[in-house]
K.L.:
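Okay, handing you the structure first.
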Number of protein chains: 4
Amino acid sequence: MVRPKSSEKRRALLDAATAAIVAHGLGATTAGIAQGAGVATGSFFTYFSSKTDLLNQLYLELKAEVAASSMDGVPQGAPLREQAYHVWQNWMAFAVAFPEKRRALTHLVLSEEITPETRAAAQEMAHDMLHFMTRLRDHGSLRDAPPAFADSVINALTEVTMDAMIREPQHAAQLCELGFKAYWRAIS
Amino acid sequence: MVRPKSSEKRRALLDAATAAIVAHGLGATTAGIAQGAGVATGSFFTYFSSKTDLLNQLYLELKAEVAASSMDGVPQGAPLREQAYHVWQNWMAFAVAFPEKRRALTHLVLSEEITPETRAAAQEMAHDMLHFMTRLRDHGSLRDAPPAFADSVINALTEVTMDAMIREPQHAAQLCELGFKAYWRAIS
Amino acid sequence: MVRPKSSEKRRALLDAATAAIVAHGLGATTAGIAQGAGVATGSFFTYFSSKTDLLNQLYLELKAEVAASSMDGVPQGAPLREQAYHVWQNWMAFAVAFPEKRRALTHLVLSEEITPETRAAAQEMAHDMLHFMTRLRDHGSLRDAPPAFADSVINALTEVTMDAMIREPQHAAQLCELGFKAYWRAIS
Amino acid sequence: MVRPKSSEKRRALLDAATAAIVAHGLGATTAGIAQGAGVATGSFFTYFSSKTDLLNQLYLELKAEVAASSMDGVPQGAPLREQAYHVWQNWMAFAVAFPEKRRALTHLVLSEEITPETRAAAQEMAHDMLHFMTRLRDHGSLRDAPPAFADSVINALTEVTMDAMIREPQHAAQLCELGFKAYWRAIS
DNA sequence: TATGAATGAGGTTTCATTCAT
DNA sequence: AATGAATGAAACCTCATTCAT
């Protein structure tokens, strides 16, 4: 009948929001985001009911994207270390390919505007990854640590390596390697 | 030297800002901070030239505080691992004693309002700690990694352990121990 | 004549506008009215050139409806009081049957959006009723009052009685009677 | 110490709001009202927490003012009709002196923004007037009518006469007289 | 110096109206 | 003709900063 709500514009808005958050933090303005997406200020609100809504949806999307890409092509039968290395490389590839998405997520994670419901939904979407993490944890010396602790150790080393790879792209390969080794030692 | 001996109100404002940032992120209002400090809104600006100024000074203060407390009473002659464990415990003690300060710092680190100059000055104030870190790094398998990478690995594991200890105070002692071991393995 | 035979949608929009004005005052939105009428937002503007236009047309319609129904079946030859009572009952019946229309009119009458032209046209449509009013007025003690004053005295008592009947339907008959008596005394 | 919240400005805002409502209905803008009062847009909100708040306070004020002025100097011992005429004249004097206040009230009364609490408070403030009304009602043929009906009959005739007096100031005295007579007949 | 009212730019959101389909 | 997404001008309200007292 008429122009349907173009998912292209939704995408553009989400992408523009990512860029705006990287540039201006969570203070990024709805007008700025709309402009970045090439739409009118009012159109922001035909795709998202409020700025908070956009923030929550973006958070969810980014989390889902990270989770999905991380489990891509993991060799199921292989030794655990090899599987872990594969996941690690997936993470690093994502980080290098979409540095902005990671930066934006860093802000979103800290925001009081992200609801507990959204956070829970994000957990849910990362189901496979979390399952893999559990196996990893149960295999090493963090076996007896509180699960959340082991998870965040893993996560922290990942983040740190990603940051370093983005900061010094010329050493990316070496950092990927070094990072994984430190990571494997830490959780072994 | 540097700061004029800060009046009581300056202190109150800095403390109130810490609390406000934890509660509302960097969107905390100057009026709210002033109220939290028990002073008039206008007085904020007799102690800080702008909100950005307050943010920068707070960042500097918190960084300095962390650095100073971390090197407190380190047994200079002892084996490196023992010294490292001492530093580790200092960190954990600080984190447990002042969880708000850490939370506030997390926000400040991400802010575009913190100038490069401020960040450089913070580095400067952490001189001793950085020197110790260098020794630590050069001793293990991160010897050949870019210095910034090693530092952030160390930092990340520290942060993660602090978080866990604050989240689950009943396991604080165990987590402190487990965290240090993972950390030591990672950088060895 | 005048209006082209109004389509079903025009009717629906007018009715939905009546309901929306009762619910939200003149701030009722065009989109809301369209939704209430079961048509698309854009369709509003194929039937009315603007919101102001709709408001004016609705005003005219409601005024006309009141006027028409009031003169329905008046016994021409009967004594004046009897005729007046008949009119009075017509009014009351209308008010009880369509309370929303009266409420909406209350808002419209006050609106700056209703043009003098529209108001004049409404007068015109109420020709018969006004004529009857004139006879009534000239018969009693308001004979020498400015015509507009007498009219509004009559109108005010009518309105007030309608309101009361709607507010307390269980006393409708008594109120209709009492109201008419007060009214007749006032203009006698 | 400092500039106290000047009640002069509050007054100016309330008065400007009255004028703005007469001119533009309840759609009058906060910026417009502020400008009319000669203050900055932001200052509106140091005196009223929201537009709705202003509307409610204005409603209350105007109602109180009407009520107070109406009972001014009523000859307590005199015959009821004489007392009633005195009240009547007070009303008319108020209406002629402050036509804008009446017009604004007409809008406010219809607004969905005026809370039941505010309406109740207004009733409370009009205590003396309501008591007098009760006596009046109990004296005539509306004795057995629902109280709200009698009140609104009285109110309606008052309003109508006020309107006429404002519309045709040259006949003010005659209209005041005629109106009272119609009124007295209606409630007798 | 301390106070808090005053200021007005700017942020989020609404909504009458237009226009692509 | 019908649809509803697109538009952008306001509207309401917030807040860093200034300034009268």
K.L.:
Starting at the 5' end of DNA chain F, which residue's closest nucleotide do you reach first, B:Phe44 or D:Ser49?
P.N.:
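This one resolves to D:Ser49.
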K.L.:
Within this structure, what is the CD-to-P distance between B:Glu113 and F:dA16, rounded to whole angstrom?
P.N.:
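Atom-to-atom, B:Glu113 to F:dA16, this comes out as 10 Å.
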K.L.:
If the threshold is 4.0 Å, N to carboxylate O, is there a salt bridge linking A:Glu159 and A:Arg102?
P.N.:
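Judged by the 4.0 Å cut-off on N to carboxylate O distance, A:Glu159 and A:Arg102 do form a salt bridge.
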K.L.:
How is D:Ala28 classified with respect to the nucleic acid when contacts are heavy atoms under 4.0 Å: base, sugar-phosphate, or nothing?
P.N.:
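It contacts sugar-phosphate atoms only.
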K.L.:
Does atom NZ of C:Lys63 have more than 12 heavy-atom neighbours, drawn from other residues, nucleotides or ligands, at distances under 6.0 Å?
P.N.:
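No.
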K.L.:
Below 4.0 angstrom from OP1 or OP2 of E:dT17, is there any side-chain N or O of C:Lys51?
P.N.:
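Checking C:Lys51 against E:dT17: no side-chain N or O falls below 4.0 Å of OP1 or OP2.
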K.L.:
Would you tell me if any nitrogen or oxygen in the side chain of C:Thr30 comes within less than 4.0 Å of OP1 or OP2 on E:dA16?
P.N.:
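For E:dA16, OP1/OP2 do have a side-chain N/O of C:Thr30 under 4.0 Å.
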K.L.:
Please state how far atom CG in C:Leu13 lies from atom P in F:dA1, giving the value in whole angstrom units.
P.N.:
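Computing the C:Leu13:CG to F:dA1:P distance gives 15 Å.
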K.L.:
Rounded to whole Å, how long is the line connecting atom CZ of B:Arg10 with atom C1' of E:dA2?
P.N.:
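These atoms are roughly 18 Å apart.
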K.L.:
State which of F:dT7, F:dA16, F:dC13 makes the closest approach to the side chain of A:Ala40.
P.N.:
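The nucleotide sitting nearest to the side chain is F:dT7.
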K.L.:
Please answer whether the main-chain N or O of C:Val109 pairs with a side-chain N or O of C:Arg119 as donor and acceptor at a distance below 3.5 Å.
P.N.:
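Yes, the answer is positive, given that a donor and an acceptor are paired below the 3.5 Å cut-off.
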K.L.:
DNA chain F: A:Gly38 or B:Thr52, which has the more 5' nearest nucleotide?
P.N.:
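Nearer the 5' end of the strand: A:Gly38.
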K.L.:
Is D:Glu61 salt-bridged to D:Arg11, cutoff N-O under 4.0 Å?
P.N.:
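Salt bridge: yes.
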K.L.:
I need the CG-P distance between A:Leu26 and E:dG11, as an integer number of Å.
P.N.:
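Nearest whole value for this atom pair: 15 Å.
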K.L.:
Please pick, from F:dA16, E:dA16, F:dT14, the nucleotide with the shortest atom-to-atom distance to any side-chain atom of C:Phe45.
P.N.:
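Output: E:dA16.
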K.L.:
Less than 4.0 angstrom between a side-chain N/O of A:Thr46 and OP1 or OP2 of F:dA6, yes or no?
P.N.:
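Yes, within the criterion.
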K.L.:
So, does C:Lys9 use its side chain to make a donor-acceptor pair with the main chain of C:Phe44 at under 3.5 Å?
P.N.:
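No: the side chain of C:Lys9 does not pair with the backbone of C:Phe44.
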K.L.:
Please report the distance, rounded to the nearest Å, between NE2 in D:His24 and P in F:dA10.
P.N.:
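Computing the D:His24:NE2 to F:dA10:P distance gives 13 Å.
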K.L.:
Please determine, for the side chain of C:Ser43, which listed nucleotide (F:dA2, E:dT7, E:dA2) has the closest atom?
P.N.:
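It is F:dA2.
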K.L.:
Within less than 4.0 Å of OP1 or OP2 of E:dA6, is there a side-chain N or O belonging to D:Tyr47?
P.N.:
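Yes, D:Tyr47 has a side-chain N/O under 4.0 Å of OP1/OP2 on E:dA6.
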K.L.:
To the nearest Å, how far apart are C:Leu55 CG and E:dA16 C1'?
P.N.:
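C:Leu55 atom CG is separated from E:dA16 atom C1' by 13 Å.
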K.L.:
Which nucleotide, E:dT17, E:dA6, F:dC15, lies nearest any side-chain atom of C:Ser50?
P.N.:
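So the side chain of C:Ser50 is nearest to E:dT17.
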K.L.:
Could you please name the partner base of E:dT21, counting Watson-Crick and G-U wobble pairs only when both distances are under 3.5 Å?
P.N.:
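Pairing partner: F:dA2.
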K.L.:
Could you work out which one of E:dT17, F:dA9, E:dT12 sits closest to the side chain of A:Thr41?
P.N.:
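Looking only at heavy atoms from C-beta outward on A:Thr41, the closest nucleotide is F:dA9.
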K.L.:
Ignoring hydrogens and geometry, is there a side-chain-to-backbone donor-acceptor pair from A:Thr18 to A:Leu14 under 3.5 Å?
P.N.:
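Checked: pair present.
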K.L.:
Using whole Å, what does the distance between atom C1' of nucleotide E:dA9 and atom CD of D:Gln35 come to?
P.N.:
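Taking atom C1' of E:dA9 as the reference, CD of D:Gln35 is at 16 Å.
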K.L.:
Taking only N and O in the side chain of A:Lys9, is any of them less than 4.0 Å away from OP1 or OP2 of F:dA6?
P.N.:
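So the side chain of A:Lys9 is within the cut-off, an N or O lying under 4.0 Å from OP1 or OP2 of F:dA6.
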K.L.:
Among E:dA16, F:dT7, E:dA6, find the nucleotide with the atom closest to the side chain of A:Val39.
P.N.:
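When the side chain of A:Val39 is considered, F:dT7 is the closest of E:dA16, F:dT7, E:dA6.
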K.L.:
Could you tell me the separation between the CD atom of B:Glu8 and the P atom of E:dT1, rounded to a whole number of Å?
P.N.:
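Taking atom P of E:dT1 as the reference, CD of B:Glu8 is at 17 Å.
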